[in-house]
2 protein chains.
Amino acid sequence: MKAEDRRELVLRAATRAFGERGYVGATTAEVAKAAGVSQPYVVRLFGTKEALFLAVLERALERLLAAFRAALAGASPADAACDTAELHGRLGTAYAELLADRGLLLSLMHGFILGSDPAIGARARAGFLEVYRLLREEAGFSAEEVHGFLAEGMLLNTLIGLRMAVDYEDPAAGELLDTALPTKLDFLLRLEGQRP
Amino acid sequence: MKAEDRRELVLRAATRAFGERGYVGATTAEVAKAAGVSQPYVVRLFGTKEALFLAVLERALERLLAAFRAALAGASPADAACDTAELHGRLGTAYAELLADRGLLLSLMHGFILGSDPAIGARARAGFLEVYRLLREEAGFSAEEVHGFLAEGMLLNTLIGLRMAVDYEDPAAGELLDTALPTKLDFLLRLEGQRP
DNA sequence: GTCTATAATCTGATAGAC
DNA sequence: GTCTATCAGATTATAGAC
């Protein structure tokens, strides 16, 4: 197999591992095992664990921005249906669908709360602001609309990180999940193994 | 000094450390140094690093719930001023003021995204749901209102975790922070050392 | 391109003195 | 109550073979 393909394989495994246990908590050995390669080879491919995490962040941000742009492209040609409420819904759906790429949103989230780390923090801030600008400029949201949209996104990330779906039977948890993911709830419960 | 006092001192140092570098990233040696005690003593006081983190979560949740209840108590006796918009504002202010207890909100956030960890995840979910119930039952919010309030809270946590204030001069970052913290911006910028 | 072996470091935890 | 000394284990990274 070519190094390029291995790289992608390792990147995917790393995304899952970092999403579950965070940058420091996930180990290169764990990533290697999931990718079916040796631990030193993981390090060899990316240089350092930090570079691997940065590569995971990079790929996650690319996919996020691409998903948003695709959602916008699907909506733009239409005529009057392009109010911001409609866009909010489309972008929200695109965001929720990123859950299928396991660990992607959570790796981002882990990056976001490591702002004190010199390299990771800088990349995370820049990435967050790229998303902000896309919503503000390309989607045409107002500052308040972007704020509301990002807030919902961060709550979704948190609920995923919490594995709140495992408590779905709890009335409070059920109501919260129903409210936060009105359309994508089955999707989530299946992902989290709470449904057959 | 009595063990009780040391405990509180160490707990405070641990809250800061865990807030900055996360559960796995922060070390007991780091906490010990910040608290002015030896590393083995930190372990002895709490048993294990995990127990220390759980104690930090416990304390953070207690303070959060207490701050919300105090805000509600200050608002309840009034007559007509108690609509949910008013409460939303009061509770939001109470939440933002918790930023003064450094690391508190971020330690919580780190706990929230470690839902896969058996002990930490369970406590984090239960704590989050306690907050949910308080807002729903004691504050009288609707499911949608709680959802919106929590979403804003998670965005605030994320912006703090990102140290977004260090990029305040960036137009997008400035606008985002202005929108997310309309009233508490100076407070934040001073906390983050972006203001004299 | 990929592995095995291993070095170097860090870190949580224990033992035991004072 | 608190420290010093230290161990055992884990983890990133390197060296070098194939």
Side-chain angles (χ1 to χ4, degrees), chain A residues 1-58 103 107 110-111 114 116-121 123, chain B residues 1-58 103 107 110-111 114 116-121 123:
Chain A
M1 188 180 288
K2 279 176 297 184
E4 180 104 8
D5 297 333
R6 283 281 189 224
R7 230 186 107 92
E8 179 61 21
L9 208 66
V10 171
L11 224 35
R12 217 174 294 221
T15 300
R16 269 201 204 214
F18 285 132
E20 270 205 20
R21 327 231 274 140
Y23 167 52
V24 192
T27 68
T28 56
E30 190 180 341
V31 172
K33 189 173 179 186
V37 299
S38 69
Q39 178 270 330
Y41 192 51
V42 168
V43 175
R44 168 80 112 182
L45 278 175
F46 293 87
T48 64
K49 182 186 178 180
E50 182 180 65
L52 171 60
F53 186 71
L54 289 171
V56 164
L57 280 190
E58 212 67 48
S107 287
H110 278 286
L114 286 182
S116 299
D117 181 284
I120 294 172
R123 188 66 193 94
Chain B
M1 189 178 289
K2 279 178 297 188
E4 179 103 10
D5 297 333
R6 285 281 189 222
R7 231 186 107 93
E8 179 61 22
L9 208 64
V10 170
L11 225 35
R12 216 175 294 220
T15 300
R16 269 200 204 212
F18 285 133
E20 271 204 20
R21 327 230 277 143
Y23 167 52
V24 192
T27 68
T28 56
E30 190 181 342
V31 171
K33 189 173 180 190
V37 299
S38 68
Q39 178 269 331
Y41 191 52
V42 169
V43 174
R44 179 172 265 262
L45 278 176
F46 293 87
T48 63
K49 182 186 178 181
E50 182 179 65
L52 172 59
F53 187 71
L54 288 170
V56 164
L57 280 189
E58 213 67 49
S107 288
H110 278 286
L114 286 182
S116 300
D117 181 284
I120 294 172
R123 188 64 194 95

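The model shown is predicted, which means the values in this text are computed figures rather than measured ones.
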For atom [atom1] of [X] and atom [atom2] of [N], their distance in whole Å:
| X | N | atom1 | atom2 | answer |
| --- | --- | --- | --- | --- |
| Tyr41(A) | dT11(D) | OH | P | 23 Å |
| Asp5(B) | dT2(D) | CG | P | 9 Å |
| Phe18(B) | dG12(C) | CZ | P | 8 Å |
| Glu50(A) | dT11(D) | CD | C1' | 16 Å |
| Tyr23(B) | dG12(C) | OH | P | 9 Å |
| Leu45(B) | dG1(D) | CG | P | 10 Å |
| Phe46(B) | dT2(D) | CZ | P | 12 Å |
| Leu9(B) | dG1(D) | CG | C1' | 14 Å |

Given [options], identify the nucleotide with an atom nearest to the side chain of [X].
| X | options | value |
| --- | --- | --- |
| Gln39(B) | dT2(D), dT14(D), dA13(C) | dA13(C) |
| Lys49(A) | dT2(D), dT2(C), dA13(D) | dA13(D) |
| Thr27(A) | dT12(D), dA13(D), dC3(D) | dT12(D) |
| Ser38(B) | dA13(C), dA5(C), dT4(D) | dT4(D) |
| Pro40(B) | dA5(C), dT2(D), dA13(C) | dA13(C) |
| Arg6(B) | dG1(C), dA13(C), dT2(D) | dT2(D) |

Residues 35-44 of chain B, side-chain donor-acceptor partners within the protein, below 3.5 Å, at least two apart:
from, atom 1, to, atom 2, distance (Å)
Ser38(B), OG, Tyr41(B), N, 3.4
Gln39(B), NE2, Thr28(B), OG1, 3.2

Whichever of Glu4(B) and Arg21(A) has its nearest DNA chain D nucleotide further upstream toward 5' = Glu4(B)
Considering all heavy atoms of both residues, which atom of Ala26(B) and which atom of Phe18(B) are nearest to each other, and what is their separation?
-> CB-CD2, 3.6 Å
For Leu11(A) against Thr15(A), the heavy-atom pair lying closest together = O-OG1, 2.7 Å
With a non-hydrogen cut-off below 4.0 angstrom, is Ala26(B) in contact with a base, only sugar-phosphate, or nothing?
-> sugar-phosphate
To the nearest 0.5 Å, how far apart are CZ in Phe53(A) and CG in Leu114(A)?
-> 6.0 Å
Charged N to carboxylate O under 4.0 angstrom, Glu20(B) versus Arg16(B)?
-> no
Under 4.0 Å between a side-chain N/O of Arg44(B) and OP1 or OP2 of dG1(D), yes or no?
-> no
